[in-house]
Amino acid sequence: MAIGARDFIDKLLVEKYAQEKVDNHDEGSLVSRISADDMLDAMATSANSFKTMLALNNRLTSVCYGVVSKSAKYVHTEAVV
């Protein structure tokens with residue numbers, strides 16, 4: 001399997017960026033500016049909020065089903081044989 005441009009736009013992009021040089025491998029670019037603990041705390045907070053939202057949504061759905069079923073008027077009909 002060959003690597004390269006598959007259509008006209010890809011070919012133009014390859015030609016445009018073929019000679020570009022990128023040199024951003026200094027020490028500052030390899031160090032994260034956000035601490036891993038802060039990121040994990042933010043992810044945990046987001047997950048807990050989503051879990052709470054799902055639980056509330058399930059409870060609200062259950063309550064709505066209950067209200068609808070209590071307000072429904074069931075009429076007995078004879079089955080046609």
**Report entry** CD (Gln19) with more than 12 external heavy atoms under 6.0 Å
**Finding:**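 Not more than 12 within 6.0 Å, no.
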**Report entry** CG/Leu60: more than 12 non-hydrogen atoms of other groups inside 6.0 Å
**Finding:**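 Counting other residues, nucleotides and ligands, CG of Leu60 exceeds 12 neighbours.
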Rounded at 0.5 Å granularity, tell me how far [atom1] in [X] sits from [atom2] in [Y].
{"X": "Leu12", "Y": "Asp7", "atom1": "CG", "atom2": "CG", "result": "9.0 Å"}
{"X": "Ser35", "Y": "Asp41", "atom1": "OG", "atom2": "CG", "result": "7.5 Å"}
{"X": "Thr45", "Y": "Phe50", "atom1": "OG1", "atom2": "CZ", "result": "15.0 Å"}

**Report entry** same_hphob_cluster(Ile9, Tyr17) at 4.5 Å side-chain heavy-atom cutoff
**Finding:**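 Ile9 and Tyr17: one cluster.
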Query raised in the report: Looking only at atom types and distance, does a side-chain atom of Asn57 sit under 3.5 Å from a main-chain N or O of Met53, one as donor and one as acceptor?
Result: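 Judged by distance alone, no pair lies under 3.5 Å.
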Query - Check: Ser71 side chain, Val67 main-chain N or O, donor-acceptor pair, under 3.5 Å - result: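 Present.
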